Amino acid sequence: MPRYRRRETISEYHLAKIERQATLLQRELRDAQLALKPFREHWEAVDRLHGDLKRALNLLNGRPADWERPHAAPMSRG
């Protein structure tokens, strides 16, 4: 049985699959958080999970962990 060569970075194929699932999870987390009372135990847990997921995706995409998408004003065409 052949051994697979290990890589330093994630493949585009696996990254695309992870990003798809992460997007679905982020939507569900947002919907769940809207149904919770703010700043309670479950709300805080969902908030931390959402932040951890965002940081992990940033690192997998080669960005700094705290990277945020730049704000684009609606009329800026940017």
Side-chain angles (χ1 to χ4, degrees):
M1 179 181 259
R3 290 188 141 183
Y4 293 103
R5 176 176 269 187
R6 295 187 181 240
R7 305 169 165 217
E8 289 215 15
T9 60
I10 193 166
S11 70
E12 293 293 322
Y13 171 75
H14 288 117
L15 184 57
K17 287 180 72 173
I18 290 169
E19 284 182 335
R20 168 113 172 96
Q21 293 299 317
T23 300
L24 295 173
L25 181 57
Q26 286 172 335
R27 288 180 190 160
E28 292 301 324
L29 289 172
R30 184 190 63 227
D31 291 346
Q33 197 170 26
L34 287 173
L36 294 169
K37 289 184 179 180
F39 310 111
R40 302 292 174 105
E41 186 176 331
H42 287 190
W43 190 91
E44 294 285 345
V46 170
D47 191 52
R48 281 192 304 271
L49 181 57
H50 187 75
D52 290 343
L53 185 59
K54 187 167 64 170
R55 280 188 291 281
L57 287 174
N58 281 340
L59 292 172
L60 288 174
N61 280 296
R63 299 184 292 248
D66 60 349
W67 182 85
E68 297 264 341
R69 183 179 301 255
H71 175 71
M75 304 300 283
S76 71
R77 294 185 186 190

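Quick caveat, the model's predicted, so the values are computed rather than measured. The figures that follow rest on heavy atoms only: side chains count, while hydrogens, waters and symmetry mates do not. When a residue number appears, it is its place in the shown sequence, counting from 1.
Heavy atoms only, all atoms of each residue included: N58 and D66 are closest at ND2-C, 4.4 Å. Shown here for R55 and R48, the closest heavy-atom pair between the two residues is NH2-O, 4.5 Å. Minimum interatomic distance between Q33 and V46 (heavy atoms only, all atoms of both residues): CB-CG1, 4.0 Å. The heavy-atom pair separating L60 from I10 by the smallest distance is O-CG2, 4.1 Å.
Atoms CZ and CD, from R63 and E68 in turn, are 10.5 Å apart once rounded to the nearest 0.5 Å. Between the NE2 atom in H42 and the NZ atom in K37 there is a gap of 13.0 Å [rounded to 0.5 Å]. To the nearest 0.5 Å, atom CZ of residue R30 and atom CZ of residue R27 are 7.5 Å apart.
Taking hydrophobic clusters as Ile, Leu, Val, Met, Phe, Trp and Tyr residues chained together by side-chain heavy-atom distances below 4.5 Å, L57 does not share a cluster with W67. Cluster membership check: L36 shares its hydrophobic cluster with L25, using side-chain heavy-atom separations under 4.5 Å among Ile, Leu, Val, Met, Phe, Trp and Tyr.
Here ring pair (Phe, Tyr, Trp, His ring centres under 6.0 Å) pairs that include residues 18-40, with residues two or more places apart or in two chains, are F39-W43. Among pairs with a residue in residues 12-36, none fulfils ring pair (Phe, Tyr, Trp, His ring centres under 6.0 Å), at least two apart in sequence or across chains.
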Verdict with supporting geometry, R20 and T23, side chain to side chain contact (heavy atoms under 4.5 Å, CB included): CA-CA 5 Å; R20 168 113 172 96; T23 300; 5.9 Å; no
